[in-house]
Number of protein chains: 2
Amino acid sequence: MLISMTSTPPAPTNDTRDRILDAAERLFVENGFDGTSMRMITGAANANLAAINYHFGGKDALVQEVFRRRLAALNARRLDELDRLEAEAAGAPLKPSRIVEAFFGTALELAADTEHGGRTFMRLLARTYNEPNAFVRQFLAEEYAEVMDRFLGALFRALPEVPRAEILWRFHFMIGAMAFAIAGLGGLSELMEVGPQDEDPARLLPRLMSFLLGGLRAPLPDSGLQG
Amino acid sequence: MLISMTSTPPAPTNDTRDRILDAAERLFVENGFDGTSMRMITGAANANLAAINYHFGGKDALVQEVFRRRLAALNARRLDELDRLEAEAAGAPLKPSRIVEAFFGTALELAADTEHGGRTFMRLLARTYNEPNAFVRQFLAEEYAEVMDRFLGALFRALPEVPRAEILWRFHFMIGAMAFAIAGLGGLSELMEVGPQDEDPARLLPRLMSFLLGGLRAPLPDSGLQG
DNA sequence: GTATGATTCAAACAAACGTTTGAAACATGC
DNA sequence: GCATGTTTCAAACGTTTGTTTGAATCATAC
């Protein structure tokens, strides 16, 4: 597929393609991957059933593309933020709170965007963290490898006195807290059907950040090593 | 349900029934509900395909029974612990750390049991928190209603100076942290493929507890209300 | 116009799904 | 022995699944 170099608009913007991606994103959040059929997707997208195989090659490839088009941008922003912090610090160790903000703030910002589907996508992403679907997890692991490396490294340097295993676990806990909070953003977790929830993610950010930093700074548990 | 006091063994223990439940539990963790077919389950359980419909009435009813048989016990233990704490306190407000321990400690204890499938079940439960499957969430909400009510009430009384919305959110965060940690217990989250993880949940409990309590006690975020 | 490539469409494909059926096998009490 | 109720089994049911096909439609360039 050669594209003329002369004057073609840079984004051919296949209408059907995007409608399918948007519909899939939304339906995946509501019904899961296996619970969403291609007929549901193409139906919601006002497209023909065969369009998915034509544009993406198959259902699995569509799932990957749903993640790829947004996750790449999110993780690039995360790395940019970290680059900026490290440049400002000029070699000095970073404040842990800044590192945490760079990672989770960007995610919550995206989750706050209800106009362009950022919220929907973040709900899907959060939901997928706990999804066993083999090849999706594989895909996520690859997509996250660099970001994890960079942020964990930064935390290790920022907290040299804390055992690395401890930092690893706490980063793990933080991701879980965020994922659960975001996953429940639309129709907040039926687990606690307590009164009218305030769902404004603008207020969620400071709330979550206080909690995460409190957890990160908590006193270390007794090492458990016979003493 | 009256049980003869004389000598009937209390559990008739239908062999096939239990084999199906165990196989389903394991396969649901690995493949999700929609990703696990009845043929996979009965195959793994060495049972006939029709056995599920015979013993449970259908796939949905099987899913419910997989949860019911274990979740009822877990939540009963949680309420017992809380009862015990409140009886000991004799009217005085409880220490928040004790409340948190009663809720999450019981869960991690179950997750530590690899002999009788407690670990498998807790992984399934954690995974299911983020699962959209309509009727499963409905079922979980009902099964959790009382426990949530009691524990949130206890936390409200233990932390009268903290806005209830804040406590609610933080309890939410805590559940997320625990769920993510437990869900990754077998084959720890591919998200961070960092070295040989130490997966001993006996060490997970103090680690998680430190983090949760640190988060719970963190300074409140700026209210966000204009100033 | 005509030709070329990209996209859409209705229809069909085999495979897998949850469920139902009716007969066989088993257990248990008389 | 027979009778009764429970459990297992192979086979089939009608749907729904993801994918493929070949012709129709659209756009663009010549």
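Naming: A, B, ... by sequence-line order, numbering from 1 per chain.
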If the cut-off is 4.0 Å, is [X] near the phosphate of [N], judged by side-chain N/O to OP1 or OP2?
{"X": "B:Thr16", "N": "D:dT8", "result": "yes"}
{"X": "B:His55", "N": "D:dT8", "result": "yes"}
{"X": "A:Asn53", "N": "D:dG18", "result": "no"}
{"X": "B:Ser37", "N": "C:dA16", "result": "no"}

For A:Ala47 and B:Met40, take the nucleotide of DNA chain C holding the closest heavy atom to each; which residue's nucleotide lies nearer the 5' end?
A:Ala47
Protein-nucleotide distance ([X], atom [atom1]; [N], atom [atom2]), rounded to Å:
{"X": "A:Leu62", "N": "D:dG18", "atom1": "CG", "atom2": "P", "value": "11 Å"}
{"X": "B:Leu27", "N": "C:dC17", "atom1": "CG", "atom2": "P", "value": "12 Å"}
{"X": "A:Ile41", "N": "D:dT19", "atom1": "CD1", "atom2": "C1'", "value": "14 Å"}
{"X": "B:Lys59", "N": "C:dC17", "atom1": "NZ", "atom2": "P", "value": "8 Å"}
{"X": "A:Ile52", "N": "D:dT20", "atom1": "CD1", "atom2": "C1'", "value": "14 Å"}
{"X": "B:Arg39", "N": "D:dA11", "atom1": "CZ", "atom2": "P", "value": "13 Å"}
{"X": "A:Asn48", "N": "D:dG22", "atom1": "CG", "atom2": "P", "value": "16 Å"}
{"X": "A:Asp34", "N": "D:dT17", "atom1": "CG", "atom2": "C1'", "value": "11 Å"}

Which part of the nucleic acid does B:Ala50 contact within heavy-atom distance under 4.0 Å: base, sugar-phosphate only, or nothing?
base
Name the nucleic acid region contacted by A:Leu49, choosing base, sugar-phosphate or nothing; use a 4.0 angstrom heavy-atom cut-off, strictly under.
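Base: the residue A:Leu49, judged by heavy atoms under 4.0 Å, touches a nucleobase.
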So that I can tick it off, tell me whether A:Glu143 and A:Arg68 are bridged by a salt bridge, with the cut-off set at under 4.0 angstrom between side-chain N and carboxylate O.
no
B:Asp83 and B:Arg78 ion-paired at < 4.0 Å
no
Where does the angle between the aromatic ring planes of A:Phe211 and B:Phe173 fall among parallel (under 30°), tilted (30 to 60°) and perpendicular (over 60°)?
tilted
Are A:Phe103 and A:Phe171 close enough that their ring centres sit under 6.0 Å apart?
yes
Pairing donors with acceptors under 3.5 angstrom, does anything connect the side chains of A:Thr16 and A:Arg19?
yes
